[in-house]
Amino acid sequence: MPAYKLTYFNARGRAEPIRLLFAAAGIKYEDVRIEGADWPALKPKTPMGHLPILEVDGTTLCESTTIARFVAKRAGMVGKDDLEEAKADMIVDGVKEVFRKLLTMFFEKDESKKEELKKDVFENTLPECLRSFGKLANPSGYFVGDSLSWADVEFYNLMEMVRPSFPGDLLKDNANLSKVIANVGGNPAIAKWIKERPESAF
Ligand SMILES: N[C@@H](CCC(=O)N[C@@H](CS)C(=O)NCC(=O)O)C(=O)O
């Protein structure tokens, strides 16, 4: 059995979709969380100078979406054929667009600019994304086929990130997306991971 070692900071951030996928697949891995103080020494040893990285069978992978796709492939969670795979990729790329805007907002130092970005994300980006995604998810609550894929997991993770700072229920008029959330959150292995995972700010 391959040995997997995932290295990131003690945060959910860009590593959490990968951890959720490992959990869903029941694949054992080492969940290494480094301290900020240890990063300068590790950085030059990583393939592109950032985290997360995944070490597997003597190869070190980086880029969180690449790693998530790789784990999803090993778990049989990318879709049944190339069209389903492309649809799952499309959803994940859409999720990452929103994620990028959220990060820009979180790290903005100028308070008035931050407020503007926040308004734009919550009044435009997110509602538009949810409207589109709601039409792309099927009524059983999956983006592709009739079982959990990494697209569902990435979407779930995005919603976990935005929900605490969004006033009201983001998905109240969106039955398909509510079902996606229920399918992912109700997966016993994922629910167990969420209950037991280490505390982290983000
Ligand atoms: N596109 C990369 C971005 C990775 C990235 O920016 N990682 C941050 C942590 S979330 C990092 O390593 N920051 C420390 C640094 O760049 O020195 C990915 O998705 O993995």
Side-chain angles (χ1 to χ4, degrees), residues 2-25 27 29-75 77-79 85-110 113-114 117-118 120-121 125-126 129 133 143 149-166 184 190 193-194 197-202:
Y4 298 96
K5 180 174 162 187
L6 177 67
T7 305
Y8 193 58
F9 302 100
N10 184 27
R12 301 208 291 272
R14 294 184 199 264
E16 198 60 18
I18 303 165
R19 298 187 186 115
L20 290 165
L21 286 163
F22 272 129
I27 299 175
Y29 71 105
E30 208 182 329
D31 183 19
V32 178
R33 293 162 186 250
I34 65 156
E35 296 296 328
D38 298 327
W39 175 231
L42 176 61
K43 186 175 170 86
K45 299 181 190 146
T46 65
M48 295 190 193
H50 49 230
L51 296 177
I53 55 171
L54 180 72
E55 291 162 72
V56 53
D57 293 339
T59 297
T60 304
L61 300 172
C62 72
E63 287 299 330
S64 53
T65 307
T66 299
I67 298 171
R69 186 184 290 109
F70 168 77
V71 174
K73 265 192 186 151
R74 291 231 159 154
M77 292 174 69
V78 287
E85 280 186 26
K87 191 175 172 199
D89 284 350
M90 176 179 88
I91 299 297
V92 174
D93 283 339
V95 165
K96 298 295 164 167
E97 280 296 313
V98 181
F99 185 77
R100 260 189 291 279
K101 288 199 176 178
L102 283 170
L103 281 186
T104 309
M105 177 190 100
F106 281 131
F107 290 116
E108 177 55 58
K109 297 237 167 26
D110 179 320
K113 188 121 191 268
K114 196 184 183 96
L117 291 171
K118 195 169 176 183
D120 185 43
V121 167
T125 310
L126 259 175
C129 150
F133 279 21
F143 283 109
S149 74
W150 74 305
D152 305 316
V153 171
E154 291 273 3
F155 175 73
Y156 176 90
N157 184 64
L158 176 72
M159 287 297 103
E160 261 209 315
M161 279 177 58
V162 298
R163 269 183 152 162
S165 35
F166 194 89
V184 179
I190 288 182
W193 165 250
I194 289 173
R197 70 187 168 189
E199 277 293 320
S200 67
F202 175 72

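Each ligand, and each atom within it, is numbered from 1 in the order the structure gives.
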Suppose I only count heavy atoms of Lys43 and a 4.0 Å limit; which atoms of ligand 1 are within that range?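 It comes down to these atoms of ligand 1: 15 (C), 16 (O), 17 (O).
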Distance under 4.0 Å to a non-hydrogen atom of Pro52: what atoms of ligand 1 satisfy this?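 Reading through ligand 1 atom by atom, the close ones are 20 (O).
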Check His50 against ligand 1 and report side chain, backbone, both or neither, counting heavy atoms closer than 4.0 Å.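 Looking at His50 and ligand 1, atoms from backbone and side chain both fall under 4.0 Å.
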Which heavy atom of the protein is the closest neighbour of [atom], given with residue, atom name and distance?
atom: atom 13 (N) of ligand 1; value: Phe9 CE1, 4.3 Å
atom: atom 14 (C) of ligand 1; value: Trp39 NE1, 3.3 Å
atom: atom 1 (N) of ligand 1; value: Glu63 OE1, 2.7 Å

Donor-acceptor contact below 3.5 Å, side chain Thr59 vs main chain Glu55: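 Between the backbone of Glu55 and the side chain of Thr59 there is no qualifying donor-acceptor contact (under 3.5 Å).
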Of the listed options Leu51, Leu103, Ile53, closest to atom 4 (C) of ligand 1 (non-hydrogen atoms):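 Among Leu51, Leu103, Ile53, the closest heavy atom to atom 4 (C) of ligand 1 belongs to Leu51.
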Nearest neighbour of atom 20 (O) of ligand 1 from the list Ser64, Ala68, Gly13, on a heavy-atom basis: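 Ranked by closest heavy atom to atom 20 (O) of ligand 1, first place is Ser64.
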Using side-chain hydrogen bond (donor to acceptor under 3.5 Å, both in side chains), reason through Trp150 and Glu85 one step at a time and then give a plain yes or no. CA-CA 10 Å; Trp150 74 305; Glu85 280 186 26; over 6 Å; no
Is the centre of the Phe22 ring less than 6.0 Å from the centre of the Trp193 ring?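 No, too far apart.
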Can you tell if the side chain of Ile67 reaches within under 4.5 Å of the side chain of Ser64, non-hydrogen atoms only?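 A side-chain contact under 4.5 Å is absent here.
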Are the side chains of Phe99 and Met161 in contact, using a 4.5 Å heavy-atom criterion?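 The answer is yes, as the side chains (C-beta and beyond) meet within the 4.5 Å cut-off.
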Looking at Val32, Leu51, Leu54, which hits side-chain contact (heavy atoms from CB on, under 4.5 Å) with Tyr8?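 It is Leu51; the other options fail the test.
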Atom of Phe143, atom of Phe133 and distance for their closest heavy-atom approach: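 It is CE2-O, 3.5 Å.
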Contact check: Tyr8 vs ligand 1, nitrogen or oxygen atoms, below 3.5 angstrom: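 Among all N and O atoms of Tyr8, none is under 3.5 Å from an N or O of ligand 1.
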